[in-house]
Amino acid sequence: MLVDVRHLCKAHPSPGGGKPVEILRDLNFQLEAGGTAAIVGPSGSGKSTLLNILAALDQPDSGEVRVNGLVPGELRGGELVDFRRRSVGVVFQMHHLLPQCTVLENVLAPSLADRRQARLNADSNAREILDALGLAHRLGHRPSELSGGERQRVSVARALAGAPRLLLADEPTGALDRANAQHLTGLLLELNRTRNVALLVVTHSRELAARMQQVWELVDGKLVQLP
Ligand SMILES: Nc1ncnc2c1ncn2[C@@H]1O[C@H](COP(=O)(O)OP(=O)(O)OP(=O)(O)O)[C@@H](O)[C@H]1O
Ligand SMILES: [Mg+2]
């Protein structure tokens, strides 16, 4: 199992300093290697909270979480760097691209500290991914010079630059018009097939959700698989 979550609980501190608010309550979820799943659910139900825990950006309060055989909350230092490249890639709700860097530099940013040969490999890999995402003619542009759809595709390329086993995408099509959303969905599914990267997308779009193998709804802190 690529993602295996059992009895996950997570509360966030309440802003007034009162009792913490329970967001995830005994949540269970599994995703096979190479599989695709969508998570839907109302705003504030905890979808981004779950993704952050899977990406080792937040800690669970209790329960078991395994991603690619590793426990995200226990990783430190170099293990964490490795995990963020080889195990998970993240496309955030906002694109978070570096404004002063070009498209190619944004995708290469995670490998800047690598040794020379690894950097050369990263460079050709980055160009290949950007080409597959239809961005070969935009390598030298800055994010401010791109359309919303192009920016979102650059953040997908950056997430996949380390060839992770799992792509976590939080509302990847949220800011896009219908045509661009369909285009990006098609590209994600193609990357799933050609690179065997599993997809876990959080979305409000029924259209995107329907194209994933499984659809789960987050309600009352739990995930329920929809037929
Ligand atoms: N760092 C935090 N501290 C306190 N409360 C938080 C924190 N992060 C999230 N929350 C709260 O936890 C709840 C779940 O937030 P989360 O971002 O996971 O929701 P979501 O399902 O992703 O919503 P949306 O669809 O609007 O993106 C919300 O009520 C939010 O206010
Ligand atoms: Mg969210």
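Atoms within each ligand, like the ligands themselves, are counted from 1 in listed order.
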Quiz: residues 51-61 side-chain donor-acceptor pairs under 3.5 angstrom, not counting sequence neighbours:
{"from": "Asn52", "atom 1": "ND2", "to": "Ser48", "atom 2": "O", "distance (Å)": "3.4"}
{"from": "Asp58", "atom 1": "OD1", "to": "Lys10", "atom 2": "NZ", "distance (Å)": "3.2"}
{"from": "Gln59", "atom 1": "NE2", "to": "Gly73", "atom 2": "O", "distance (Å)": "3.2"}
{"from": "Asp61", "atom 1": "OD2", "to": "Ala11", "atom 2": "N", "distance (Å)": "2.7"}

Is there a side-chain contact (heavy atoms from CB on, under 4.5 Å) between Leu24 and Cys9 once you walk through the steps? CA-CA 5 Å; Leu24 307 178; Cys9 295; 5.9 Å; no
Under 3.5 Å, is there a donor on one side chain and an acceptor on the other for His7 and Ser62? no
Side-chain donor-acceptor pair under 3.5 Å between Thr185 and Gln182, yes or no? no
Identify all N/O pairs between ligand 1 and the protein with a separation under 3.5 Å and present them as a table of atom names and distances.
{"from": "ligand 1", "atom 1": "8 (N)", "to": "His12", "atom 2": "NE2", "distance (Å)": "3.4"}
{"from": "ligand 1", "atom 1": "18 (O)", "to": "Ser48", "atom 2": "N", "distance (Å)": "3.4"}
{"from": "ligand 1", "atom 1": "18 (O)", "to": "Thr49", "atom 2": "N", "distance (Å)": "2.9"}
{"from": "ligand 1", "atom 1": "18 (O)", "to": "Thr49", "atom 2": "OG1", "distance (Å)": "2.6"}
{"from": "ligand 1", "atom 1": "19 (O)", "to": "Gly46", "atom 2": "N", "distance (Å)": "3.4"}
{"from": "ligand 1", "atom 1": "21 (O)", "to": "Ser45", "atom 2": "N", "distance (Å)": "3.3"}
{"from": "ligand 1", "atom 1": "21 (O)", "to": "Gly46", "atom 2": "N", "distance (Å)": "3.0"}
{"from": "ligand 1", "atom 1": "21 (O)", "to": "Lys47", "atom 2": "N", "distance (Å)": "2.9"}
{"from": "ligand 1", "atom 1": "21 (O)", "to": "Lys47", "atom 2": "NZ", "distance (Å)": "2.8"}
{"from": "ligand 1", "atom 1": "22 (O)", "to": "Ser48", "atom 2": "N", "distance (Å)": "2.9"}
{"from": "ligand 1", "atom 1": "22 (O)", "to": "Ser48", "atom 2": "OG", "distance (Å)": "2.9"}
{"from": "ligand 1", "atom 1": "23 (O)", "to": "Gly44", "atom 2": "N", "distance (Å)": "2.8"}
{"from": "ligand 1", "atom 1": "25 (O)", "to": "Lys47", "atom 2": "NZ", "distance (Å)": "2.7"}
{"from": "ligand 1", "atom 1": "26 (O)", "to": "Ser43", "atom 2": "OG", "distance (Å)": "2.5"}
{"from": "ligand 1", "atom 1": "27 (O)", "to": "Gln93", "atom 2": "NE2", "distance (Å)": "3.0"}

For Ala198 and Leu31, work out which heavy atoms get closest and say how close. CB-CD2, 4.2 Å
Do the side chain of Thr102 and the main chain of Glu105 share a donor and acceptor less than 3.5 angstrom apart? yes
Near the Mg ion (ligand 2), is there an N/O/S atom from Ser43 that is less than 2.8 Å away? no
